[in-house]
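Below is one structure, written out as structure tokens; comments come after it.
No hydrogens, no waters, no symmetry mates; every other heavy atom, side chains included, goes into these values.
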Amino acid sequence: MSSAINPPAPSRAARGVRPGAVTAVVCLALAAVVAAMSSLNVALPEIARATHATQTQLAWVIDAYSLVFASLLLPAGAIGDRYGRRRALIAGLAIFGAGSAVAMTAQSAAELIGLRAVLGLGAALVMPATLSTITGTFAREQRTRAVSTWAAVAGGAAVLGLLASGIVLEVWSWPAVFGLNVVLAVAAIAGTLRFVPESAEPGAARLDLSGAVLAVIGLVALVYSIIEAPDQGWTSARTLAGLAAGVAVLAGFVAWERRRRHPMLDPRVFARRGLAAGSLTVFVQFFGLFGFIFIVLQYLQLIRGDSGLVSALAMLPMAAAMQPAARLAPALAARFGARAISAVGLALIAAALVVLAQLNTTSGYWFLAVGLIPLGAGLGLAMPPATSGITAALPAAQQGVGSALNDLSRETGGAVGIAVLASILSAAYASHLHLTGLSAAQAAQARSSVAVAARLGGTAAAQARTAFADGMHLALFIAAGIVALAAIAVVVLLRGPDRARAETPAPVTSSATVQSDEPQARFAA
């Protein structure tokens, strides 16, 4: 696959492309799949009311997409590199659009979960193809600007997805959120057919199918067991067996990849402390961010009674703080060291989550905004040096490794964050909900979801709101603790020079190659 930082010169057929049009099309495709990771969070209360989904099922509605997306990212990128990125882009958009169209007709949570997994398959084909199209077809002077635009869209599309969904929900119902996906997919397919040239590397290494299968099985077993734990019991045989199986399969994946001549992901790259610290930082950031978004959007709509649009707008202070912090981060890292800036960013995130954990059923919006501002600033400070640390730990010929690990850390962190925090929320909600005056059937429904309990009205709804707030407190406190531990780990990992051997392990199979004409700063103090 394409892993060199200086891709081959554009082909003769590609020299006549319109860079602006190609960039616009691939960024439209990228925005569609990134926005889909967060956009449905706004519609969760309405989905719960319409389908009677439990808290566990709501977690799966969101995580089915992220889990399949993360698990298939590397093998899907390999397919695009070997058989054509334009073909992969069109195929991925077609799957994404068709799955969204069918999802508009879904009547149950189970149908939505399955269809969201289909959307994740399409997204896995789309995302690596967008960036590798830029790096594989553009001339050097065009690549840097196009990649900067790509990175900005990748960072901002999640918030834009929340806003777009909120607007759609003001006019229509939750199926219209999937309708928005269909419109974006159709527009991106039309643009791809018209403007995007084909690029491929027929001589790329063969796809490591065995490694891909092991990674998918291990991740699915682990995340499935975490999400289902509140229903099955955290100490039940089924939960413990599932967690053990997931860890065992992932350990087998590591052993398998170490023996491969062309591994999908060589675990020896983590011997480089800068790369390990950067990957940990990105993973933990998205663990906290996506878990928080999953919880807080339900809080805003089900506890505060805000509409979907108002809930989306309520998140803007986070984005407003994130952007200037991200712009300042490189200069601050150059002056004070990336280790210090990353640790400060993670500490801000942890502090923000502690503040946000104090929200209750009567909190005003100002309290939420006070927590969102340091959360956004922390994300903005920690993200750039972490990403730079991943790529700077590897030589120029191995930059595909860095890009792939950055994407994997982000997607896997988000999926695990939703799984863990949603499970904690669900378990705490059920244990703190003390109902009186209801039949056994009504009590069971109320314990399954706060949205269902709210429909019962009266004291049941009030008790459900209080129980949800209790579960939110616990989940966000635990998230804050995990982020704080990660900040300490980053400081420890990056203390002193990285004495990893100069030799770099075999390259990862990835098409997510970031082109950069600037020297990369070392991720260390």
I'd like to know if the side chain of [X] reaches the main chain of [Y], judged simply by a donor and an acceptor atom lying under 3.5 Å from each other, with no hydrogens or angles considered.
X      : Y      : value
Tyr224 : Gly242 : no
Tyr299 : Asn360 : yes
Glu111 : Ser108 : yes
Glu198 : Arg85  : yes
Gln107 : Thr105 : yes
Arg116 : Ala64  : no
Arg410 : Gln285 : no
Gln301 : Val42  : yes
Ser423 : Ala419 : yes
Glu46  : Trp174 : yes

Could you check if a side-chain atom of [X] sits within less than 4.5 angstrom of a side-chain atom of [Y], using non-hydrogen atoms only?
X      : Y      : answer
Leu309 : Leu169 : no
Val186 : Val182 : yes
Met472 : Ile303 : no
Val126 : Leu30  : no
Phe292 : Leu476 : yes
Ile90  : Leu193 : yes
Leu67  : Trp60  : yes
Val22  : Pro197 : yes

Nearest non-hydrogen partners of [X] and [Y], listed with the distance:
X      : Y      : answer
Ser225 : Leu243 : OG-N, 3.5 Å
Ala475 : Leu425 : CB-N, 4.4 Å
Ala185 : Gly97  : CB-CA, 3.8 Å
Phe96  : Ser100 : O-OG, 2.9 Å
Ala117 : Val68  : O-CG1, 3.5 Å
Ala352 : Leu375 : CB-N, 3.5 Å

* Evaluate the ring planes of Tyr429 and Phe468, with Trp represented by its six-membered ring, and classify them as parallel (under 30°), tilted (30 to 60°) or perpendicular (over 60°). =>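 Answer is perpendicular, since the angle exceeds 60°.
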Within this structure, what is the [atom1]-[atom2] distance for the pair [X] and [Y], rounded to the nearest 0.5 Å?
X      : Y      : atom1 : atom2 : result
Met318 : Ile293 : CE    : CD1   : 4.5 Å
Tyr65  : Leu121 : OH    : CG    : 10.5 Å
Leu300 : Ser307 : CG    : OG    : 10.0 Å
Leu372 : Met322 : CG    : CE    : 10.0 Å
Leu381 : Ile349 : CG    : CD1   : 9.0 Å
Thr362 : Phe367 : OG1   : CZ    : 10.0 Å

* Using the side chain to side chain contact (heavy atoms under 4.5 Å, CB included) rule, take Leu44 and Leu297 through it: C-alpha gap first, then chi angles, then the decisive distance, then the call. => CA-CA 8 Å; Leu44 285 181; Leu297 287 173; over 6 Å; no
* Does the side chain to side chain contact (heavy atoms under 4.5 Å, CB included) test come out yes or no for Leu219 and Thr412, once each step is laid out? -> CA-CA 9 Å; Leu219 283 172; Thr412 307; 4.0 Å; yes
* Asked: Of the options Val296, Leu302, Ile295, which is the one that meets Gln298 in a side chain to side chain contact (heavy atoms under 4.5 Å, CB included)?
  ->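 Going through the options one by one, the only one that passes is Leu302.
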* Decide yes or no on side chain to side chain contact (heavy atoms under 4.5 Å, CB included) for Leu40 and Phe178, but give the supporting numbers first. => CA-CA 8 Å; Leu40 206 60; Phe178 289 102; 3.7 Å; yes
